[in-house]
**Q** 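Structure provided below as structure tokens; questions to follow.
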Amino acid sequence: MAKGKNYLGGGHGGKPQRQTDMMRQAQKMQEDFMKMQEEMDNKTFEAAAGGGMVRAVVSGKKELTALTIAPEAVDPDDVEMLQDMVVAAVNEAMRAAENATAERMNAMTGGLNLGGFGF
């Protein structure tokens, strides 16, 4: 590195402006993230199991908001099958919510892995 030359700003004069620009970019990214999170929280994701006999709806907050079970899915002699269909539908809806959130984050961050930051 050349003596006396700061490659971050071409000298000490550019450093405060660069820091201000970086702070603005970080603040904008945080605002964009909050907006995206709010949009995702308001979305719903639906999945079905058992040929549509069990349907689960989850929010973008990954909370189960609705569960519909067709009467023909209820067999007192085979409760286990109904339980399996409920678990499958809920898990698939949760995966859909998670995948949609991950896709939005990936698009917003340009593919940067920010998993260590709680995103």
**Q** Show the nearest heavy-atom pair for residues F45 and G60, with the distance to one decimal.
**A** CE1-CA, 3.9 Å

**Q** Between the side chains of D41 and Q37, does any donor sit under 3.5 Å from an acceptor?
**A** yes

**Q** NZ of K43 to CE of M40: how many Å apart, nearest 0.5 Å?
**A** 5.5 Å

**Q** Find out whether Q27 and M23 are in side-chain contact, i.e. whether some heavy atom of one side chain is under 4.5 Å from a heavy atom of the other.
**A** no

**Q** E92 vs R95, test: salt bridge (charged side-chain N to carboxylate O under 4.0 Å, His left out). Steps then yes/no.
**A** CA-CA 5 Å; E92 186 57 35; R95 272 191 291 280; 3.2 Å; yes

**Q** State yes or no: do V90 and V57 share one hydrophobic cluster built from I, L, V, M, F, W and Y residues joined by side-chain heavy-atom distances below 4.5 Å, directly or via other members?
**A** no

**Q** Count I, L, V, M, F, W, Y as connected when their side-chain heavy atoms are under 4.5 Å apart, and connections chain through other members. Are V87 and V54 then in the same cluster?
**A** no

**Q** Assess whether atom CD of E80 is packed by more than 12 heavy atoms of other residues, nucleotides or ligands within 6.0 Å.
**A** no

**Q** Ion pair present between R24 and D21, side-chain N to carboxylate O less than 4.0 angstrom?
**A** yes

**Q** Could you work out, with salt bridge (charged side-chain N to carboxylate O under 4.0 Å, His left out) as the rule, every residue matching E98, not counting sequence neighbours?
**A** K62

**Q** State, to 0.1 Å, how close A56 and A93 come at their nearest heavy-atom pair, and which atoms those are.
**A** O-CB, 3.9 Å

**Q** Honestly curious: do I69 and M85 fall in one hydrophobic cluster under the side-chain, below-4.5 Å linking rule?
**A** yes

**Q** Transitively linked via ILVMFWY side-chain contacts under 4.5 Å: V86 with M94?
**A** yes

**Q** Looking at S59 and A97, what are the two nearest heavy atoms and their distance?
**A** O-CB, 4.1 Å

**Q** Do V74 and L82 come within less than 4.5 Å of each other through their side chains, counting heavy atoms only?
**A** yes

**Q** What residue among V79, D78, D84 forms side-chain contact (heavy atoms from CB on, under 4.5 Å) with M81?
**A** D78

**Q** State the CD-NZ distance between E38 and K61, to the nearest 0.5 angstrom.
**A** 9.5 Å

